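Only this structure's heavy atoms are used, side chains among them; waters, hydrogens and symmetry mates stay out. From a predicted model like this one, the values you see are computed outputs, not experimental measurements. Sequence positions, counted from 1, serve as the residue numbers for this chain.
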Amino acid sequence: MEAKTIFKRYELKYVLDRNQYKTVEQALQKHMVPDRFGHSSIRNLYFDTEDFLLARRSIEKPLYKEKLRFRSYGSADAEKEIFVELKRKYEGVVYKRRLSMPSQKAMGWFSGTEEPPSSQIGEEIDFFRTRYQGIRPAMYLSYERDSYASTDESDLRITIDSRILSRTEDVDLSMEPSGNEVLPEGYRVMEIKTMYGYPKWLTELLSDCNLYKTSFSKYGNAYKEMILGFRPEEVCLPQFAGRICFGNAINHQSAGLKPVDAETAYSRMTTAASIKGIGMIE
């Protein structure tokens, strides 16, 4: 089956604890089926500028944002086909364009030794590449994913991601996953992807599990944790909303947590203030 290259849909995210996951998994097995990927180990290279301009824009929750990544399913040697993906979000709707090509050719394209693909999607991605001068593979982000598809003719698709790991060294799709744990222990992220409404069983499931959609960017959260020094609980769990502040940063040591230096504490304070000012933290 030829891979789909254009997507337009809503992608709503929910953070699940262990008990919620068990209930959700049972419902998915009853109402949905594994899609053609089933269980997969996904590896991504996120491209960004030296000062992480795209990551910073992402966590500011703008009306429009965009990101670019290379994605492979499993390890990718030079000849393995990977996806080059341009992902945009405007007024809550996700627009994704992607191309499939050998990993070596994709890296050659972005290093300037290969010509860009001759296609509309290739031109869009190449415009992005040249628009952000100096973008390079900035972060390796991997996770385990279980994917489910609807049993009827609807476009509903649900994925559950676990063991989300990130690092800013050894950003190479041929390397094995390792790095910073983005989620708190025992948590997973569920994404519901559709352009239309939820079926009744799914609405009831979310209500019964007390699950509410949340703003969750894997790349954005990994940036906040690895670069700004936040803990996974502070950026991933709803109960911490509104409590990210300078005091959290400087009082870690007194709480028996890893101490935070003054520069990181100040970065946290100013970032939290910026996020709170635009309504991400309520």
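Between the side chains of Glu144 and Ser41, at least one donor N or O sits under 3.5 Å from an acceptor N or O. Side chains of Thr194 and Asp155: a donor on one and an acceptor on the other come within 3.5 Å. Counted by atom type alone, Arg88 and Tyr64 present one or more donor-acceptor pairs between their side chains at under 3.5 Å. Counting only N and O atoms by type, the side chains of Ser100 and Glu81 include a donor and acceptor under 3.5 Å apart.
Side-chain atoms of Arg69 and Lys87, non-hydrogen and from C-beta on, do get closer than 4.5 Å to each other.
Other residues, nucleotides and ligands contribute over 12 non-hydrogen atoms within 6.0 Å of the CD atom of Glu25. For Tyr198, the OH atom is densely surrounded, since the number of other residues' heavy atoms within 6.0 Å is greater than 12.
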### Task
For the pair Phe7 and Tyr95, evaluate ring-ring contact (aromatic ring centres under 6.0 Å, His included) and give the outcome as yes or no after the intermediate values.
CA-CA 6 Å; Phe7 300 79; Tyr95 302 84; over 10 Å; no

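The structure places CG of Asp152 at 12.0 Å from NE2 of His31, a figure rounded to the nearest 0.5 Å. Annotation: the span from Ser142 atom OG to Arg71 atom CZ amounts to 11.5 Å, rounded to 0.5 Å.
Distance alone, capped at 3.5 Å, places no donor-acceptor pair between the Glu123 side chain and the Gln120 backbone. Distance alone, capped at 3.5 Å, places no donor-acceptor pair between the Asp35 side chain and the Tyr148 backbone. Between the side chain of Lys80 and the backbone N or O of Ser75 there is at least one donor-acceptor pair closer than 3.5 Å. Between the side chain of Asp48 and the backbone N or O of Ile135, no donor-acceptor pair lies under 3.5 Å.
Annotation: cation-pi geometry satisfied between Lys218 and Tyr143 (NZ/CZ under 6.0 angstrom from ring centroid, within 45° of ring axis). Remark: Arg98 is positioned above the aromatic ring of Phe83, its terminal NZ or CZ atom under 6.0 angstrom from the ring centre and at most 45 degrees off the axis.
For the pair Lys13 and Glu11, the salt-bridge criterion is not met [side-chain N within less than 4.0 Å of a carboxylate O].
Tyr73 meets the ring-ring contact (aromatic ring centres under 6.0 Å, His included) test with Phe37; sequence neighbours excluded.
Between Phe110 and Phe70, the ring planes lie perpendicular to each other; the angle is over 60°, past the 30° to 60° tilted range.
Every pair passing side-chain hydrogen bond (donor to acceptor under 3.5 Å, both in side chains) that includes a residue from residues 127-141 is listed here, sequence neighbours excluded: Arg57-Tyr132, Glu66-Arg131, Glu66-Tyr132, Asp126-Arg129.
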